[in-house]
Amino acid sequence: MEKIKYLKILPFENIKNARNLGGYPTLDGKITSWDFFIRSANLDDSTENDLKLLDDLNVSTIIDLRRDDELIYHREKIKILRDRFSYYQISLSPRPLRYEEIQRLIEKKDTIGKSYISIIDNFPAIKKVFETMADAKGTVLFHCQEGKDRTGIISMILLGLAGSFRTDIMADYEISSANLGYVDRYDQNESEAIFRITSPYNIKEAMEYIEKKYKTFEQYLQCAGVDEKTIEKLKEKMIE
């Protein structure tokens with residue numbers, strides 16, 4: 001079982017796009033930890049074997065980044081998760097995209113990377129997510145619906161805070177569409193593909209927004225209201 005945590009893609013039955021943030025080299029010659037952070041798609045169809053594997057991986061805390069309207073049909077499973085883990089719902093996206101915003105993305109008048117700005121600047125939610133992560137006693141699993149956009153933003157911040165290489169941050173984001181089977185299901189020129197294919201340019205634009213406006217990931221979290229002690233705890237957890 002000890003070896004399972006070192007798998008880059010974790011072998012769940014019904015939890016998609018699940019992987020550990022461990023194993024990435026950092027700019028100062030260290031490596032990101034395998035012990036504290038797992039990202040994934042939703043747990044709505046998770047099996048008993050999946051929940052046992054979460055136990056085996058020392059998962060103590062689950063952070064669900066979805067909005068209330070995304071949880072309406074999953075209350076039963078959420079109750080099971082609440083009974084078994086420390087479960088937090090922290091909505092990272094203030095609202096769903098409006099019709100006109102979707103059309104602008106399809107027509108390539110706007111970019112997915114630009115659409116991430118409202119998530120990045122949602123300081124009350126960002127603060128709560130990272131304080132919850134810092135205070136968790138065991139491993140934290142965080143997820144949204146598909147584990148690629150909102151989850152990708154949180155992963156970018158954690159890896160950036162650890163001092164990971166930009167190329168690794170982009171690669172960690174990019175693999176989601178392959179893990180979810182979207183590369184095989186959607187042609188890159190289909191209008192729907194823009195919402196399914198995790199282009200590295202999306203997360204590159206998000207990183208550049210943080211770097212331009214806030215300079216560093218640490219300063220960004222400080223602007224969000226996360227104190228230095230919490231930031232240090234996060235950095236300690238992120239490094240092997």
Side-chain angles (χ1 to χ4, degrees), residues 6-9 17-41 65 92-93 105 108 110-123 126 129-130 133-134 140 142-144 146-180 182-183 188 193-224 226 228 230-240:
Y6 296 111
L7 294 177
K8 209 55 189 164
I9 306 297
N17 200 18
R19 55 196 190 273
N20 202 300
L21 289 189
Y24 288 115
T26 64
L27 292 164
D28 58 357
K30 297 175 182 175
I31 188 170
T32 58
S33 174
W34 297 91
D35 292 327
F36 292 106
F37 298 107
I38 295 171
R39 58 175 293 176
S40 76
L65 302 170
L92 199 57
S93 180
L105 288 167
K108 301 192 186 308
D110 275 332
T111 64
I112 293 292
K114 183 179 176 182
S115 75
Y116 288 162
I117 291 173
S118 64
I119 296 174
I120 292 169
D121 286 348
N122 184 1
F123 283 169
I126 290 290
V129 166
F130 286 98
M133 286 180 160
V140 176
F142 59 101
H143 72 88
C144 52
E146 297 182 314
K148 58 184 183 65
D149 297 301
R150 289 164 286 188
T151 301
I153 293 295
I154 298 300
S155 298
M156 171 193 70
I157 296 166
L158 283 170
L159 291 170
L161 191 64
S164 301
F165 288 88
R166 285 169 59 87
T167 49
D168 287 329
I169 296 174
M170 288 187 280
D172 181 74
Y173 171 86
E174 185 180 16
I175 198 173
S176 282
S177 52
N179 287 348
L180 292 163
Y182 291 156
V183 176
Q188 60 182 337
I194 194 168
F195 304 108
R196 298 290 179 256
I197 304 302
T198 43
S199 164
Y201 291 100
N202 299 344
I203 207 69
K204 179 175 182 284
E205 188 171 355
M207 278 193 288
E208 288 175 346
Y209 173 76
I210 288 178
E211 290 161 355
K212 184 176 180 180
K213 186 171 182 179
Y214 303 103
K215 307 306 179 188
T216 67
F217 285 95
E218 188 166 339
Q219 286 177 284
Y220 160 71
L221 286 177
Q222 288 171 348
C223 286
V226 182
E228 288 186 23
T230 300
I231 291 172
E232 284 307 308
K233 284 168 72 174
L234 289 165
K235 289 164 78 172
E236 287 173 12
K237 285 187 171 188
M238 274 300 295
I239 299 300
E240 189 75 39

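Among all heavy-atom pairs drawn from Ala41 and His143, the shortest one is O-CB, 3.4 Å. When all heavy atoms are compared, the tightest approach of Ser40 to Thr151 is O-OG1, 3.9 Å. The shortest heavy-atom contact between Ile126 and Ala224 is CG2-CB, 4.0 Å. Across Leu65 and Cys144, no two heavy atoms sit closer than the pair CB-CB, 4.2 Å. Among all heavy-atom pairs drawn from Gln219 and Lys215, the shortest one is OE1-CB, 3.2 Å.
Counting only heavy atoms from C-beta outward, the side chains of Pro25 and Ile31 never approach each other to under 4.5 Å. Within the 4.5 Å cutoff, the side chain of Thr111 has heavy atoms near those of the Glu205 side chain. Contact annotation: the side chain of Arg150 approaches that of Ile119 to within less than 4.5 Å [non-hydrogen atoms, C-beta and beyond]. Counting only heavy atoms from C-beta outward, the side chains of Leu221 and Phe217 never approach each other to under 4.5 Å. Between Tyr220 and Val226 there is no side-chain heavy-atom pair separated by less than 4.5 Å. When side chains are defined from C-beta on, Leu180 counts as touching Glu146, because their heavy atoms get closer than 4.5 Å. Side-chain contact check for Glu232 versus Glu228: every heavy-atom pair is 4.5 Å or farther apart. In this structure, the side chains of Lys8 and Ile175 stay at 4.5 Å or more apart for every pair of heavy atoms.
Taken to the nearest 0.5 Å, the CG atom of Asn20 stands 11.0 Å off from the CZ atom of Phe36. Going from atom OH of Tyr209 over to atom CD1 of Ile117 covers 5.0 Å, rounded to the nearest 0.5 Å. Rounding to the nearest 0.5 Å gives a distance of 9.0 Å between CD1 of Ile38 and CG of Leu21. For the atom pair Phe37 CZ and Lys237 NZ, the distance stands at 5.5 Å (nearest 0.5 Å). Note that OG of Ser115 and CG of Asp110 are 8.5 Å apart. Values are rounded to the nearest 0.5 Å. With rounding to the nearest 0.5 angstrom, the CZ atom of Phe130 is 7.0 Å from the CG atom of Leu234.
The local environment of NZ in Lys233 is crowded, with over 12 non-hydrogen atoms from other residues, nucleotides or ligands closer than 6.0 Å.
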Exercise. In sequence, state the C-alpha distance, the side-chain angles, and the governing distance for Met133 and Thr230, and then conclude on side chain to side chain contact (heavy atoms under 4.5 Å, CB included).
Key: CA-CA 9 Å; Met133 286 180 160; Thr230 300; over 6 Å; no

Quiz prompt | Ser155 vs Lys148, side chain to side chain contact (heavy atoms under 4.5 Å, CB included): CA-CA, chis, key distance, verdict | solution = CA-CA 9 Å; Ser155 298; Lys148 58 184 183 65; over 6 Å; no

Practice problem: Before giving the answer on side chain to side chain contact (heavy atoms under 4.5 Å, CB included), spell out for Asp172 and Met156 the whole-Å C-alpha distance, their side-chain angles and the decisive distance to 0.1 Å. | Solution: CA-CA 8 Å; Asp172 181 74; Met156 171 193 70; over 6 Å; no

Table please: side-chain donor-acceptor pairs of residues 195-202 below 3.5 Å, with sequence neighbours left out.
residue: Arg196; atom: NH2; partner: Glu192; partner atom: OE2; Å: 3.1
residue: Thr198; atom: OG1; partner: Tyr173; partner atom: O; Å: 3.4
residue: Thr198; atom: OG1; partner: Glu174; partner atom: O; Å: 2.8
residue: Thr198; atom: OG1; partner: Ser177; partner atom: N; Å: 3.1
residue: Thr198; atom: OG1; partner: Ser177; partner atom: OG; Å: 3.0
residue: Ser199; atom: OG; partner: Tyr201; partner atom: N; Å: 3.1
residue: Asn202; atom: ND2; partner: Tyr173; partner atom: OH; Å: 3.0

Name the atoms and distances for all side-chain donor-acceptor pairs under 3.5 Å in residues 158-171, with sequence neighbours left out.
residue: Ser164; atom: OG; partner: Leu159; partner atom: O; Å: 3.1
residue: Arg166; atom: NH1; partner: Glu211; partner atom: OE1; Å: 2.8
residue: Arg166; atom: NH1; partner: Glu211; partner atom: OE2; Å: 2.7

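By the 4.0 Å N-to-carboxylate-O rule, Asp121 lies close enough to Lys213 to be salt-bridged with it.
A distance-only check finds no donor-acceptor pair linking the side chain of Glu240 to the backbone of Gly23 [under 3.5 Å]. For the pair Asn17 (side chain) and Gly147 (backbone), a donor-acceptor distance under 3.5 Å is present.
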